[in-house]
Amino acid sequence: MSSVITTNLPPQLAAIQCEMEGYARGHGLDFFPTIFEYVDANQLNSIAAKGGFPVRYPHWRFGMEFERLSRGYHYGLQKIYEMVINNDPCYAYLMTNNCVTDQKLVMAHVYGHCDFFKNNFYFSKTNRKMMDEMANHGTRIRRYMEEVGVEEVEEFIDACLSLEDQIDVHSPFIRRREERSRYDFEAERDKTEAEGPPRFRAKNYMESFVNPPNRLAAAVKQMEEKRREPKPFPERPERDLLLFLLEHAPLNAWETDVLSIIRDEAYYFAPQAQTKIMNEGWASYWHSTIMTRQGLSAAEVVCYCDHHSGTLASSPTQLNPYKLGIELFRDIADRWNRGAFGKEFDECDDDRQRRNWNTGAGLGRRKIFEVRRIHNDLTFIDEFLTLDFVREQRLFKFGFNQSTEYYEIESREFPKVKRQLLASLTNLGRPQIAVRDANYRNRGELFLEHSYTGVELQLDYARDTLQNLHRIWNRPVHLETVLENHLTNLSFDGSEHAIEKGEPFEPAEGAPS
Amino acid sequence: MLTIERDLRRFRQIVRGRIRDNLRKYVTHGEMIGRKGRDLVSIPVPQLDVPHFRFGDNGAGGVGQGDGEEGQPIGKGGNPQQGHGPAGSDPGSGHLLEVELSLDELAEILGEELELPRIEPRGEAAIVQQKAKYNSIRQTGPESLRHFKRTYLRALRRQISTGVYEPDDPRVVPIKADKQYRSWNTIEHPQVNAAVIYMMDVSGSMTDEQKEIVRTEAFWLDTWLASQYQGIETRYIIHDAVAKEVDEHTFYHTRESGGTRISSAYKVAAQLIEQQLPPSEWNLYCFQFSDGDNWGEDNEEAFRILGDKLLPSVNLFCYGQVESPYGSGEFLGHLQNHFGEEHDSLILSEIADKEAIYDSIKHFLGKGR
């Protein structure tokens with residue numbers, strides 16, 4: 001294969017890479033050129049600690065992650081098998097002391113990911129030169145650290161990181177509002193204002209009848225009033241808090257740049273969180289397909305099975321995205337191969353008939369490639385998690401029992417399971433928060449609102465986060481949320497936290513109870 | 001090429017910094033104090049992750065996979081599980097990280113944080129410890145100390161030189177002149193030792209909560225004193241109307257219902273000092289914890305023993321009064337009236353709740369005695 005770029009890969013593995021890449025292409029996978037780096041455990045852990053990028057800005061949390069990973073590795077609790085970076089070319093890492101079977105498995109898996117990165121819609125706006133960009137970010141932040149001091153920059157980074165998930169993951173694809181220069185004051189003015197109130201066309205002698213003067217005067221007065229009324233700012237609640245802060249918070253140059261770096265990286269990583277189940281499912285689907293059909297020699301079967309099943313193991317309290325993903329893809333492939341979809345199939349009530357349904361459609365392969373292109377986890381589950389699938393996979397919903405202090409299986413009912421799963425995927429499983437008013441109480445205070453969905457915020461975290469937000473906004477900050485079924489206002493004014501309990505909260509019409 | 005060392009170093013610095021920042025919290029909540037092995041404490045450092053707006057842990061459910069009936073428990077709650085199914089993008093961000101610190105390090109941090117003065121031991125030259133060290137050889141001694149190897153070698157040499165030794169029949173029989181015995185030399189080195197005597201009121205009015213406070217405070221006091229002296233000896237005395245010396249476990253777990261005579265504890269302490277811990281050899285520390293309840297007529301007796309016997313012989317006598325819903329809390333005031341606000345070696349402190357432990361330790365040890 002010509003696209004194999006020479007690295008420090010030993011010749012044996014380079015040959016395997018050629019082989020695996022051939023198989024992957026043979027199945028129709030389409031990926032960026034892929035570079036495998038051959039690193040030892042220590043290097044792998046340190047790269048993994050930095051989210052896969054060898055060069056990033058300095059930050060203690062990478063050190064913390066490294067400590068966790070290397071301790072885990074040292075005590076034999078965990079081991080990173082595979083790590084791959086969404087970039088063109090794609091970078092992936094192989095650990096030196098893995099056995100050849102593992103390396104094969106990892107390569108097959110990686111090609112699945114690379115294909116996904118390149119073709120899934122949600123990745124289409126990500127920066128494909130992120131490797132360089134990250135290094136670039138590192139240089140910039142290091143420079144600021146030299147200029148203004150490590151402590152200060154790090155403290156500011158911490159404040160920004162605290163808000164890094166306050167982005168609008170859909171904004172790369174939707175224009176929420178008109179781009180407007182912050183110096184364009186003209187745009188503020190209403191055009192109709194100059195022209196006066198609207199009037200009907202009328203001939204001179206009819207004027208006072210068609211457009212009665214008292215009506216006109218009232219209209220003028222109304223407009224006047226409307227103009228005096230303070231305009232909400234922002235006009236509509238804005239979910240991209242980071243962007244809002246970038247545009248409106250009183251930051252100096254280096255702070256603005258640091259914040260924009262954090263925001264860029266958050267947007268870069270967001271699709272990976274949005275497609276975790278699909279991405280891992282897709283990669284696992286392909287490693288299992290490639291390995292079992294072509295890649296394995298007889299001697300390697302046991303080792304492969306061991307590690308494959310380890311990857312797909314699921315525990316009662318934690319759904320394994322690899323497992324859910326691969327099973328869903330298999331289910332889709334199977335159903336579309338049998339033609340088990342569409343109106344006729346959906347309306348069929350006979351279980352045996354459904355089970356043996358086969359129109360010989362043979363559309364499975366085409367379908368899964370289509371799915372990997374247009375879906376994210378939320379839509380993927382919404383569209384393809386069926387009653388049959390939930391039963392077959394023995395999925396259940398669990399909840400916390402206050403009286404026993406145990407997590408308990410709550411229900412195996414399909415709608416409940418599905419709703420729970422969708423809820424946990426909505427907004428990446430994080431609370432939805434938006435900027436509602438940046439001039440709260442007409443004092444330039446920032447007011448955020450949390451769209452309550454039945455689960456309360458963790459109070460101590462929310463407070464600390466507000467404190468960090470205050471560091472950036474520099475004026476008192478507020479968050480409206482729901483605690484114990486009452487609208488509650490959490491505030492931080494720079495020195496003290498306050499909680500103000502408001503009216504009882506009533507869920508909006510039609511909201512799930 | 002890898003800059004991870006820098007981040008790791010930074011992280012560790014912050015961890016130590018964090019411990020400093022949150023020390024008040026550790027001291028007061030006593031979250032993680034446990035001696036592991038010989039002298040390691042393991043401290044979970046909470047919230048080293050960056051705070052985000054996020055959902056509370058309990059109450060949130062999730063989706064799982066596997067067998068089981070509805071209502072079947074599948075996992076213990078309380079610990080922050082990632083109950084949100086697969087949505088968590090970061091692999092279980094560990095916000096409980098255990099950092100291993102040695103007790104010495106911990107004491108050092110404590111000292112720095114509380115700005116504790118280093119303790120100046122008194123009369124260090126006067127206290128000489130004699131130690132026997134087995135480092136020489138003698139011709140005589142008990143058989144139990146016979147040095148087998150040397151004895152054997154001498155016997156072998158003698159047998160070879162006298163021609164008794166036969167390589168075919170290599171029997172070596174030592175005679176009396178061959179025998180060598182281990183022997184000791186007495187080594188004297190000046191030693192500063194400290195003894196800590198804890199006294200606690202275990203009458204009915206002391207609840208478990210108060211004992212928890214006492215235990216936490218005692219841990220930190222021990223830690224600090226141990227870092228200041230080569231060895232510390234700890235004794236425990238409990239009392240209600242009568243007092244007795246007990247071991248550590250009993251100290252923390254006994255609950256009596258009788259009345260309260262503080263003088264009884266003082267008596268036992270005075271006896272202990274007289275018989276086992278002569279002040280000329282020990283730096284003595286007494287810590288007394290009580291809810292301030294005492295039988296009225298006993299006060300005079302208590303003050304007498306304290307003033308005549310205890311105070312002159314100890315470095316510090318610390319009286320910590322924990323607040324109890326049942327105790328009267330009068331004793332502290334009586335002590336103050338009797339001995340005056342500023343006494344050289346008597347320190348009084350009121351410990352209202354766990355939060356106050358921090359200040360109380362600082363108060364007790366702030367004199368550097």
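Protein chains get the first letters and strands the later ones, always in sequence-line order, with residue 1 at the start of each. Hydrogens, waters and symmetry mates are skipped; everything else that's a heavy atom, side chains included, is used.
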* Asked: Can you name the closest pair of heavy atoms from Ala49(A) and Ile4(B) and give their distance?
  ->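 It is CB-CD1, 4.0 Å.
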* Could you pull out the closest heavy-atom pair between Leu421(A) and Val63(B), with the gap in Å? =>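 Looks like N-CG2, 3.8 Å.
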* Check ion pair Lys50(A)-Asp7(B) (N to O, under 4.0 angstrom) ->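 Yes, charged N to carboxylate O under 4.0 Å.
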* Charged N to carboxylate O below 4.0 Å: is that the case for Arg10(B) and Glu151(A)? ->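 Yes, Arg10(B) and Glu151(A) are salt-bridged.
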* To do: Assess whether side-chain contact (heavy atoms from CB on, under 4.5 Å) is satisfied between Asp464(A) and Phe53(B), documenting all intermediate values.
  => CA-CA 9 Å; Asp464(A) 290 348; Phe53(B) 290 126; over 6 Å; no
* To do: Hey, could you give me the CZ/CZ distance between Phe62(A) and Arg6(B), rounded to the nearest 0.5 Å?
  =>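 Phe62(A) atom CZ to Arg6(B) atom CZ measures 10.0 Å (nearest 0.5 Å).
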* side-chain contact (heavy atoms from CB on, under 4.5 Å) between Gln166(A) and His52(B), worked out -> CA-CA 9 Å; Gln166(A) 298 305 317; His52(B) 289 101; over 6 Å; no
* Asked: When only pairs under 4.5 Å are counted, which of Val150(A), Asp165(A), Leu163(A), Leu479(A) shares the most heavy-atom pairs with chain B?
  ->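 Between Val150(A), Asp165(A), Leu163(A), Leu479(A), the count favours Asp165(A).
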* What residues form a ring pair (Phe, Tyr, Trp, His ring centres under 6.0 Å) with Phe389(A), not counting sequence neighbours? ->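 Residues passing ring pair (Phe, Tyr, Trp, His ring centres under 6.0 Å) with Phe389(A): none at all.
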* Ignoring hydrogens and geometry, is there a side-chain-to-backbone donor-acceptor pair from Glu70(B) to Arg412(A) under 3.5 Å? ->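 Yes.
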* Using only heavy-atom distances, determine whether the side chains of Glu408(A) and Gln72(B) contain a donor-acceptor pair under 3.5 Å. =>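 Glu408(A) vs Gln72(B): no donor-acceptor pair found between side chains.
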* At a heavy-atom separation under 4.5 Å, does Glu456(A) approach chain B through its side chain, its backbone, both, or neither? ->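 Contact with chain B: backbone only.
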* **Portion of Leu490(A) that has a non-hydrogen atom of chain B nearer than 4.5 angstrom** =>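 The answer is neither part of Leu490(A).
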